[in-house]
Number of protein chains: 4
Amino acid sequence: MNHKGTSASIIKAAEILFAEQGFAETTVRQITSKADVNLAAINYHFGSKKGLIQAVAEKFLTPLCTELTSMLEQRQSSTDAGQVTLDELLEILMRTLLVVNRDNVNALAVFMRLLELSYMQNQEELREFLVARYQDTLQPFILLLREDAAPMEDDEFFWRLHFLLGSITFTLSNFQTLHTIEKREYQRGAEVEKILHRMIPVLSAGLQARADKTYFCRV
Amino acid sequence: MNHKGTSASIIKAAEILFAEQGFAETTVRQITSKADVNLAAINYHFGSKKGLIQAVAEKFLTPLCTELTSMLEQRQSSTDAGQVTLDELLEILMRTLLVVNRDNVNALAVFMRLLELSYMQNQEELREFLVARYQDTLQPFILLLREDAAPMEDDEFFWRLHFLLGSITFTLSNFQTLHTIEKREYQRGAEVEKILHRMIPVLSAGLQARADKTYFCRV
Amino acid sequence: MNHKGTSASIIKAAEILFAEQGFAETTVRQITSKADVNLAAINYHFGSKKGLIQAVAEKFLTPLCTELTSMLEQRQSSTDAGQVTLDELLEILMRTLLVVNRDNVNALAVFMRLLELSYMQNQEELREFLVARYQDTLQPFILLLREDAAPMEDDEFFWRLHFLLGSITFTLSNFQTLHTIEKREYQRGAEVEKILHRMIPVLSAGLQARADKTYFCRV
Amino acid sequence: MNHKGTSASIIKAAEILFAEQGFAETTVRQITSKADVNLAAINYHFGSKKGLIQAVAEKFLTPLCTELTSMLEQRQSSTDAGQVTLDELLEILMRTLLVVNRDNVNALAVFMRLLELSYMQNQEELREFLVARYQDTLQPFILLLREDAAPMEDDEFFWRLHFLLGSITFTLSNFQTLHTIEKREYQRGAEVEKILHRMIPVLSAGLQARADKTYFCRV
DNA sequence: AATGAATGAGTATTCATTCAT
DNA sequence: CATGAATGAATACTCATTCAT
């Protein structure tokens, strides 16, 4: 097996296991065993387990950023003067995520786990890394979301964005589990594409909902 | 320190650490060290680390179930014939969650982490335990949600529920982190109560949004 | 085997192996295996391999400092006004080293290896630790040596002290080897006491030798 | 880079690292990395790490033996009938060591580390190799030392030789460290030549000191 | 002649758990 | 009732060496 083969099969195995179990719960033994490579191969190719996680992350961070930016520019130039609607913005987001998913069905789940992980209190380093990586790409997108959302304070919008983020990360991190449950309960299992599409009107409505000024006083 | 004292201080320390770091990332050494008790005390009092997690869970599962049922009954009886609105249902849910939070600010985060954990592929046991525990309590509540939601297929509703669940678990698991970011960025940090309240119109709108039948065909 | 037993047998085994092989070359597996205790016992009792080395060091650092100080004071008080001779000073030093050797024949070798190690370029930490530990005890002794040595510049004395230190550390670190060679070559093997005693006139003469001002110019 | 270039740069890098850190503590990765050659190059060119150490040793063993023999013969022939003095013998030794040091400032330190290593209990192989290599060259020199030393038993002389060896190996192995300390403490740092020269009267006096027959009985 | 890839045996350390008292 | 001591299995990682090309 040549270099690319070993390196690639490690990443492939890691994506599956990271998606299934999370990062900390997955051991390098499990990964090398599943990839059928030597135990030391991860350290040889990626320096450390952390290096492997970064390599897995890089694999979709780059195309994702590129894709989101290009899609956004394309849409803005094609729309004559008028504003891009909220549904269109969310569709762009979902299409971007599908690009990540195109090559590997687990990559998207790993990416979402990485996002979740970054919100843990002791993961400031990862958080800052992702912010530094995404800031420029996401900021314009978020501003457009804000324009189309219901009028609200900055902090209100901050929380709504994270309600939305929670829906996306939870659904996609645990897609396999949810897919399995759906098949068992309803004898049908939707593809990721469908689920992403289904999210659009829900998230759109959530962002456009009028903020309630009252504060637990009706009951 | 007597039995109750030891046991309680272990749970207290565990809640904080589980909320901050997650279950797998928290070691029994950290817990016993923080609780200032003997290393063997966790196994002595709770049988195992898993037993401790269950004990921590039980601490809020019971009052939570009781509260949700009683609130629901109270509301249904007080409303003359007419239907309970979606916002009212969600407010009941949020009030129920606040009950958990009343005693310990970390308990809610731990509960949410437990819910997240239960959706991992290799956590069927925990998932089944929670279903068995919650089924009877939640089923009536979910049916009421369904009545007030936009008309849709069963599987569509299944996914919408999980979009909603994602928003709640993500926001509350990572509340401390989000709270810290909000304070840094906007010079204000909202309390849990406020955030739960803010979620209501968003989730409500999400459930009531009309499902889009088209399927990525507009582009 | 009780605590003291395990802890002590680890230290005992470690002293032998450190003396024979050096610190880096000795593995925790070798130590625990020789001590017939669990592999994790070193980490349990001493925190780490480094912690074990420090424990081994502490075992003779304390009595050594105490002994040297008390012997020095005793000698100075007993000598009426007159100066303590160089041979007497060196004898005090050797007697002090024998105190370390009393309990364990390897302890002295380990101590000497530790001194040698402390002069490695990347062992500044250890060096500073030993200086901090010995400074107060050794400074008075060294000043007395200086008084009895031939008159010379400070830097000249600095190097002479290290010529002397080299003789002591080399001989005692490798005492077992030298002892074995001596037995093979001369059918007799001297005890440590004898060797320490033999060193006295040699080191004394070395310190009292007149410094040669010429500088490789006679040839 | 051609064979000779690769080989030479490996030896060069190895000398520096061996002198700084010792043999066991220096990894082939460090060496090849510093030499900027392929990781496998050491095994390719020298068979093994051990082979590299031997190659580094050979580099100064040969000139050192040649030099000592020729210097000794030259001196003996030039001295008419009379005996070569102890100081002259030691000066020959020091000049010989300087030859090793001429090409590479680290070579001498490496040589001394090798000598130290050879006295470790589990390094009989190296010890025998060095004896076989040096025996013929050193034996005449040692006999001359013996003639000029104070009259003493064979075993006494054996130990004195090793007191002397300790001074030399300790000082030169750790020359960089001692040099640094001297500069810091006394604002001056002597060159190797000066230190070797300074050692002569000290070692000379040590060898000529009258052996003390009493045995720790005066106190 | 040389090297990037790979490897098996090793390293110290950490883990939750158990045991004897 | 509680705990200090101990443990077996696991952790990530490093080592010098070898292999295929």
Side-chain angles (χ1 to χ4, degrees), chain A residues 1-7 10 24-32 35-53, chain B residues 1-7 23-32 37-53, chain C residues 1-7 10 24-32 35-53, chain D residues 1-7 23-32 37-53:
Chain A
M1 191 178 281
N2 59 13
H3 175 186
K4 212 169 179 182
T6 298
S7 199
I10 288 173
E25 291 80 2
T26 301
T27 70
V28 297
R29 270 196 152 77
Q30 287 178 310
I31 298 168
T32 52
D36 198 29
V37 300
N38 185 274
L39 176 59
I42 285 179
N43 284 80
Y44 176 73
H45 286 284
F46 305 100
S48 67
K49 185 185 174 183
K50 205 171 183 175
L52 170 60
I53 294 175
Chain B
M1 190 177 283
N2 58 16
H3 181 157
K4 206 168 180 181
T6 300
S7 207
F23 301 104
E25 292 80 3
T26 302
T27 69
V28 296
R29 269 198 144 77
Q30 286 179 310
I31 298 168
T32 53
V37 300
N38 185 272
L39 174 60
I42 287 178
N43 286 81
Y44 179 73
H45 286 285
F46 305 100
S48 67
K49 184 184 175 183
K50 205 170 184 175
L52 170 60
I53 294 174
Chain C
M1 190 179 283
N2 58 13
H3 176 185
K4 213 169 179 181
T6 299
S7 200
I10 288 173
E25 292 80 2
T26 302
T27 70
V28 297
R29 271 195 151 78
Q30 287 178 309
I31 298 168
T32 52
D36 199 29
V37 299
N38 184 273
L39 175 59
I42 286 179
N43 285 79
Y44 176 74
H45 286 285
F46 306 100
S48 66
K49 183 183 174 183
K50 204 171 182 176
L52 171 59
I53 294 174
Chain D
M1 190 178 281
N2 58 16
H3 181 159
K4 208 168 181 183
T6 299
S7 205
F23 302 104
E25 291 80 2
T26 301
T27 69
V28 297
R29 269 198 144 77
Q30 287 178 309
I31 298 168
T32 52
V37 300
N38 185 274
L39 174 60
I42 287 178
N43 286 79
Y44 179 73
H45 286 286
F46 305 100
S48 68
K49 184 184 175 182
K50 206 170 184 176
L52 170 61
I53 294 174

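Letters A, B, ... are given to chains in the order of the sequence lines, protein chains preceding strands, and every chain is numbered from 1.
Taking the side chain as every heavy atom from C-beta outward, C:L52 and C:V28 never approach each other to under 4.5 Å.
When the C1' atom of F:dA16 is taken as reference, atom CG of D:L52 falls 12 Å away, rounded to whole Å. Rounded to whole Å, atom C1' of E:dT13 lies 16 Å from atom NE2 of C:H45. Atom pair D:E25:CD and F:dA16:P shows a separation of 11 Å (rounding to whole Å applied). Distance, A:N38 CG to F:dA12 P: 15 Å, rounded to whole Å.
Judged as a side chain to side chain donor-acceptor pair (under 3.5 Å), and not counting sequence neighbours, the contacts of D:T26 are D:Q21. A:A41 is linked by a side chain to side chain contact (heavy atoms under 4.5 Å, CB included) to A:T6, A:I10, A:V37, A:H45, counting only residues two or more places apart in sequence or in another chain. Applying the ring pair (Phe, Tyr, Trp, His ring centres under 6.0 Å) rule to C:F46 yields no partners; only residues at least two apart in sequence or on another chain are considered.
Stems are defined here as 3 or more consecutive Watson-Crick or G-U wobble pairs with pairing distances under 3.5 Å; those involving DNA chain F are E:2-21 with F:2-21.
Note on C:T6: every side-chain N or O is 4.0 Å or more away from OP1 and OP2 of F:dA5.
Residue D:E25 comes nearest to D:Q30 through the heavy atom pair O-OE1, 3.5 Å, listed as atom of the first residue, atom of the second, then distance. Nearest heavy atom pair, residue B:R29 against residue C:Y44, reads NH2-CD1, 4.3 Å.
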Polar atom pairs between nucleotides 17-21 of chain F and protein, under 3.5 Å, N or O only, would you list them?
| unit_1 | atom_1 | unit_2 | atom_2 | d |
| --- | --- | --- | --- | --- |
| F:dT17 | OP2 | D:K49 | N | 2.8 |

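Across all strands shown, C:T26 has heavy atoms under 4.0 Å from sugar-phosphate atoms exclusively, and none from any base.
Comparing A:T27 and B:A41, the nucleotide of DNA chain F nearest to each residue sits closer to the 5' end for B:A41.
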